[in-house]
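A short worksheet on the structure shown next.
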Amino acid sequence: EVQLVESGGGLVQAGDSLRLHCTGSGFTFDDYAIGWFRQAPGKELEGISCISGYNGGKTYHSDSVKGRFTISVDNAKNTVYLQMNNLRPEDTAVYYCAADFGEETCPTYAYDSTSYGHWGQGTQVTVAS
């Protein structure tokens, strides 16, 4: 059974950093696409980053987080990270990681939540101004 567990969220001040973890089980990270999504109160789910094992771990970030957030993977730990720097109040959201095993998912459908078949439970990030 494929499972994803996020951790690392919390309450921080604007300008602070956090690193989210997404640990997977029931699959190997060799053939995968992992995406990070977030959902702010009253807003739709937003795709922000993905990494694909099919293209050597190449990473992609949406314009809203580019330059501040970085996705990375530790295959030995079956864990994908989202390093978030210079956090802003508008980054406040529940953050989810998602996995899919389609070769086209990342980057072709990187920010399309319907392309991912497996999801974690989410972790809350709150950025105070």
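When a residue number appears, it is its place in the shown sequence, counting from 1.
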(message) Do the side chains of Asp91 and Arg88 get close enough for a salt bridge, i.e. N-O under 4.0 angstrom?
(response) no

(message) Do Leu20 and Tyr81 have side chains that approach each other closer than 4.5 Å (heavy atoms only, starting at C-beta)?
(response) no

(message) Once rounded to the nearest 0.5 Å, what's the spacing between atom OG of Ser113 and atom CD of Glu46?
(response) 11.5 Å

(message) Using every non-hydrogen atom in the two residues, find where Pro107 and Asn55 come nearest and quote the distance to one decimal.
(response) CD-ND2, 4.3 Å

(request) Would you sort out whether Tyr116 and Cys50 count as a side-chain contact (heavy atoms from CB on, under 4.5 Å), showing the intermediate values? (result) CA-CA 11 Å; Tyr116 292 82; Cys50 76; 3.7 Å; yes

(request) State, yes or no, whether a side-chain contact exists between Glu6 and Tyr96 at a heavy-atom distance under 4.5 Å. (result) yes

(message) Just verifying a value: how many Å separate Arg38 CZ and Leu45 CG, rounded to the nearest 0.5 Å?
(response) 10.5 Å

(request) Kindly work out whether a path of hydrophobic side-chain contacts (I/L/V/M/F/W/Y, heavy atoms less than 4.5 Å apart) joins Tyr60 to Trp36. (result) no

(request) Determine yes or no for a side-chain-to-main-chain donor-acceptor pair under 3.5 angstrom, with Thr108 supplying the side chain and Thr105 the backbone. (result) no

(request) Look up atom CG in Leu4 and atom SG in Cys97, then write down how far apart they are to the nearest 0.5 Å. (result) 4.5 Å

(message) In the structure I gave you, are the side-chain heavy atoms of Thr79 and Val73 within less than 4.5 Å of one another anywhere?
(response) no

(message) Between Val2 and Ser25, is the side-chain contact (heavy atoms from CB on, under 4.5 Å) condition met? List the steps.
(response) CA-CA 6 Å; Val2 173; Ser25 61; over 6 Å; no

(request) Would you kindly confirm whether Val94 and Met84 end up in one hydrophobic cluster when ILVMFWY residues are joined by side chain heavy atoms under 4.5 Å apart? (result) no

(message) Do Lys77 and Thr23 have side chains that approach each other closer than 4.5 Å (heavy atoms only, starting at C-beta)?
(response) no

(request) Please check if any side-chain donor atom of Ser7 sits under 3.5 Å from a side-chain acceptor atom of Thr123, or the reverse. (result) no

(request) Answer yes or no: is there a side-chain heavy-atom contact under 4.5 Å between Gln83 and Ser17? (result) yes

(request) Look up atom OG1 in Thr70 and atom CD1 in Ile51, then write down how far apart they are to the nearest 0.5 Å. (result) 10.5 Å

(request) Evaluate the side-chain proximity of Phe101 to His118: yes if any heavy-atom separation is below 4.5 Å, no if none is. (result) yes

(message) When you compare the side chain of Phe37 with that of Ile48, does any pair of heavy atoms fall below 4.5 Å?
(response) no

(message) Nearest 0.5 angstrom please: Ser52 OG to Asp100 CG, how far?
(response) 10.0 Å

(request) Could you walk me through whether Gln124 and Tyr95 pass side-chain contact (heavy atoms from CB on, under 4.5 Å), step by step? (result) CA-CA 6 Å; Gln124 175 72 46; Tyr95 284 71; over 6 Å; no

(request) Verify the cluster assignment for Tyr111 and Trp119: are they in a single hydrophobic cluster under the rule of side-chain heavy atoms below 4.5 Å apart? (result) no

(request) Locate the shortest heavy-atom distance separating Val125 from Leu18; write the atom from each residue and the value. (result) CG1-CD1, 3.9 Å

(message) Please give me the minimum heavy-atom distance between Ala14 and Ser129, naming the atom from each residue.
(response) CB-CA, 4.4 Å

(request) Side-chain contact test, heavy atoms from C-beta onward, threshold under 4.5 Å: evaluate it for Ser49 versus Leu82 and give yes or no. (result) yes

(message) Is it the case that atom OH in Tyr109 sees more than 12 heavy atoms from other parts of the structure closer than 6.0 Å?
(response) no

(request) Any chance you could measure Phe69, atom CZ, to Arg19, atom CZ, to the nearest 0.5 Å? (result) 14.5 Å

(request) Would you sort out whether Val5 and Gln121 count as a side-chain contact (heavy atoms from CB on, under 4.5 Å), showing the intermediate values? (result) CA-CA 7 Å; Val5 178; Gln121 82 289 349; 4.2 Å; yes

(request) Output all residues satisfying side chain to side chain contact (heavy atoms under 4.5 Å, CB included) with Asn78, sequence neighbours left out; order by chain, then residue number. (result) Phe29

